[in-house]
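Here the structure comes first, spelled out in structure tokens, and everything after it is commentary.
Quick note: residue numbers are just sequence positions, from 1.
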Amino acid sequence: MNKLRKLLLSWMLILVMVPFAVIAQEGISLTLIPPTTITNQVDLDIRAGLRNEEGMAKIVELSVYLGKERPEDLLHYSKKEVMPQTAYEIKHILSTKNLVGNQKITLVVKDGNKKYRKVRDIEVIASQKRSTGLIDGAWAGIYHWSETEGKHWNNDIKQMTGEQWREMVRAMHKLKMDIVVVQEVFRNEEYVGKHETTVDSYKGKAFYPSVLYPERVPITAKDPVEAILDEADKQGMHVFVGVGMFAWFDFTKESLLWHKKVAKELWDKYGHHPSFYGFYVSEESGGNLDNWEHSEVMRMQRKKEIVDFFREFKAYCNQIAPAKPVMLATNSMQVPVGLDAYPALLQNLDILCPFGFARMPEGDLTGKEAADLLQSLCNQAGAHLWFDLETFLFNEDQSLYPRPMEEIVRDLNLFQNFEKILCYQFPGVFNDPKMSIRIGEERTLDLFRAYQHYLEKTMKERLSKDKRPR
């Protein structure tokens, strides 16, 4: 009987202790920016972080290695006392000039007698350009915000089941579009300065089972966000979860409070997924950062709001989800108008991912000039500049249709400074012929095949080049 009692006590002790170990492991993050294949013209931004969920302070040691866990491969070491319910994050910039090939980054965290590891792999290819020349990821809007623009696919996309969203993720993976941006997780068609919405009066509808705001967008999938993240886990992909929509272009204090609440719910609900890569703020902005206000006073106010918003939102995200980047998409127009606000904004924004370079208005900079100017601003602030490549064109009625492949290739070759190229968007513009549902018109199948052919050709050329004698 005593032996049986001791055995039961031992098992009870193990069951009590295991959850603490699991929580500690899940509270540790290792993030690479960018997360997928890069050229050796791009520095690798290594972020590591942890959160102390316990009721007492703890002293932790963080070591980051390139390759093996040897003293000569140590990139970073720090020892830090972390207070209860707070986070600690480190950042290390690694030059990849001489690191062509497959590399491994390892984070080792020592917490007393406990030791935890996180490992990330990254491929570095030799190039004279910063860009890989390929589309590295895509937006995945769960239901297009505009019935006009989404005319050719909204009726289809709202019928998608969770399993069909998984098919969509697998289709993206076929094209090596391994970075997924969920456009938004709430639908609320309001605009800054033209509404009186508050956190308490918010009437937006959710794309996922939200406790904060339970009313749902009428779509078939019960939880498309979970389906996307879970399938991305299996495929080794990376997902930005869109925190929005409060209101378009709205970075007021009320919007900030709403974003904090939603980001916390999203992290609590989905943060256990390895593919949860970062937060995407869905509100967007004009390249001028003042969102076309008429008076000078209001233009300055909008610029101050966006700077204040990201300073506070980034700090908040660092605390709840350390080492997870925050991304914003702006358009590329009137960038010089925003020069007085970009430096402060980019200090608290990990990734800027602008769009619209192919349709610059008359009298503005060219697309290439705007891209170069934004790159210099990001370089000065230590932020990352990615490219939101538009893979659509507008019909006369303003509905969207797939852009011809030759125009997409032209942009891939023209804009070579971006370290990552994402596209807007996958659903309704690309369609894998093997999917059980077609989202949008038949030309979406043609674009999928055309890009797949371009990808295969590019990869063969790259492989052939790698085999040449040096």
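With no hydrogens or angles considered, no side-chain donor-acceptor pair links Q183 and S282 at under 3.5 Å. A donor-acceptor contact closer than 3.5 angstrom is absent between the side chains of N102 and E123. A side-chain donor-acceptor contact under 3.5 Å links S201 and T198. Side-chain contact check for Y342 and Q347: no donor-acceptor pair (N or O, by modelled atom type) lies under 3.5 Å. Counting only N and O atoms by type, the side chains of W145 and E184 include no donor and acceptor under 3.5 Å apart. Side-chain contact check for K420 and T36: at least one donor-acceptor pair (N or O, by modelled atom type) lies under 3.5 Å. Checking H173 against D178 by side-chain atom types alone, a donor-acceptor pair falls below 3.5 Å. For the residue pair E147 and N154, a side-chain donor N or O sits within less than 3.5 Å of a side-chain acceptor on the partner.
Annotation: salt bridge (charged side-chain N to carboxylate O under 4.0 Å, His left out) contacts of D223 (sequence neighbours excluded): none. Residues passing the salt bridge (charged side-chain N to carboxylate O under 4.0 Å, His left out) test with E293, sequence neighbours excluded: R302.
What you find for M168 and P427 is that their closest heavy atoms are CE-CB, 3.8 Å. Closest of all the heavy-atom pairs between A371 and N417 is O-ND2, 3.6 Å. Considering all non-hydrogen atoms of both residues, R299 and H294 come closest at NH1-O, 2.6 Å. For Q164 against Q159, the heavy-atom pair with the smallest separation is OE1-O, 3.8 Å. Across every non-hydrogen atom of D388 and C423, the tightest pair is OD1-C, 4.0 Å. Nearest approach of G141 to W165, heavy atoms of both residues: O-CH2, 3.6 Å.
Aromatic ring centroids of F186 and F207 lie 6.0 Å or more apart. Residues F276 and Y270 place their aromatic rings such that the two centres sit no closer than 6.0 Å. Between F357 and F387, the distance from one ring center to the other falls under 6.0 angstrom.
Between F430 and F426, the two ring planes are parallel [angle under 30°; tilted spans 30° to 60°].
Residue K260 qualifies as enclosed at atom NZ: its count of foreign heavy atoms under 6.0 Å is above 12. The number of heavy atoms from other shown groups lying within 6.0 Å of NZ (K222) does not exceed 12. When the shell of 6.0 Å around NZ of K264 is examined, it contains 12 or fewer heavy atoms from other residues, nucleotides or ligands. Within 6.0 Å of the CD atom in E72, the count of heavy atoms belonging to other residues, nucleotides or ligands exceeds 12. Annotation: K91, atom NZ; neighbour count of heavy atoms from other residues, nucleotides and ligands within 6.0 Å is above 12.
Atom NZ of K234 and atom CG of L229 lie 12.0 Å apart (nearest 0.5 Å). The OG atom of S131 sits 7.0 Å away from atom CG of L412, with the distance rounded to the nearest 0.5 Å. Atoms CG and NZ, from L339 and K303 in turn, are 8.0 Å apart once rounded to the nearest 0.5 Å.
A donor-acceptor pair under 3.5 Å is formed between the side chain of R187 and the backbone N or O of Y143. A donor-acceptor distance shorter than 3.5 angstrom exists from the side chain of E167 to the backbone of S436, with no hydrogens or angles considered. Side-chain atoms of D43 never come within 3.5 Å of backbone atoms of I93 as a donor-acceptor pair (strictly under, hydrogens ignored). For T330 (side chain) and G286 (main-chain N/O), no donor-acceptor pair under 3.5 Å exists by modelled atom type. Here the side chain of N188 pairs a donor or acceptor atom with the backbone of F246 at under 3.5 angstrom. Using a distance-only test at 3.5 Å, with no hydrogens or angles considered, a donor-acceptor pair links the side chain of N52 to the main chain of V82. A donor-acceptor contact shorter than 3.5 Å links the side chain of N331 to the backbone of G287. Side-chain atoms of T96 do not come within 3.5 Å of backbone N or O of L99 as any donor-acceptor pair. With T39 contributing its side chain and T132 its backbone, the two residues share no donor-acceptor pair below 3.5 Å. No donor-acceptor distance shorter than 3.5 angstrom exists from the side chain of H273 to the backbone of S275, with no hydrogens or angles considered.
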Evaluate E53 against R51 for salt bridge (charged side-chain N to carboxylate O under 4.0 Å, His left out), listing each step before the verdict. CA-CA 6 Å; E53 297 287 4; R51 181 173 169 82; 2.9 Å; yes
Go through the steps to decide whether F310 and F251 satisfy the test ring-ring contact (aromatic ring centres under 6.0 Å, His included), and finish with yes or no. CA-CA 9 Å; F310 279 97; F251 300 99; 5.8 Å; yes
Between M300 and D340, is a side chain to side chain contact (heavy atoms under 4.5 Å, CB included) present by the stated rule, with each step listed? CA-CA 10 Å; M300 295 305 295; D340 55 340; 4.0 Å; yes
Could you go through H259 and F309, starting from their C-alpha distance and side-chain angles, then the distance that decides it, and tell me whether this counts as ring-ring contact (aromatic ring centres under 6.0 Å, His included)? CA-CA 10 Å; H259 278 76; F309 178 100; 5.1 Å; yes
Does C353 form a side chain to side chain contact (heavy atoms under 4.5 Å, CB included) with W139? I'd like the steps, not just the answer. CA-CA 11 Å; C353 194; W139 263 254; 3.7 Å; yes
Test side chain to side chain contact (heavy atoms under 4.5 Å, CB included) on K176 and L455 and set out the steps. CA-CA 8 Å; K176 295 180 73 67; L455 172 66; 3.9 Å; yes
As a quick check of understanding, evaluate ring-ring contact (aromatic ring centres under 6.0 Å, His included) for Y202 and Y213, giving each step before the final call. CA-CA 8 Å; Y202 182 76; Y213 305 103; 4.9 Å; yes
Please determine whether side chain to side chain contact (heavy atoms under 4.5 Å, CB included) holds for the pair I142 and I157, giving the CA-CA distance in whole Å, both sets of side-chain angles, and the decisive distance to 0.1 Å. CA-CA 7 Å; I142 297 171; I157 203 169; over 6 Å; no
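Salt bridge D156/K158: absent, no basic N to carboxylate O contact under 4.0 Å. Ionic pairing of E215 and K203 is not present here: no N-O contact between side-chain nitrogen and carboxylate oxygen is shorter than 4.0 angstrom. Salt-bridge check for K114 with E61: failed, with every basic side-chain N at 4.0 Å or more from each acidic carboxylate O. D432 and K174 are joined by a salt bridge, as a carboxylate oxygen and a charged side-chain nitrogen come within less than 4.0 angstrom of each other. Under a 4.0 Å N-O distance rule, the pair D73/K68 does not qualify as a salt bridge. Under the 4.0 Å criterion applied to side-chain N and carboxylate O atoms, E69 and R117 are assigned as salt-bridge partners. Salt bridge annotation for K314-E312: absent, with no cationic side-chain nitrogen under 4.0 angstrom from a carboxylate oxygen. Note on E54 versus K58: salt bridge recorded, some NZ/NE/NH1/NH2 to OD/OE distance being below 4.0 Å. In this structure, D350 does not pair ionically with K324, as no charged nitrogen and carboxylate oxygen lie closer than 4.0 Å.
Of the residues listed (F249, W248, Y191), the one engaging W292 in a ring pair (Phe, Tyr, Trp, His ring centres under 6.0 Å) is F249, and it is the only one.
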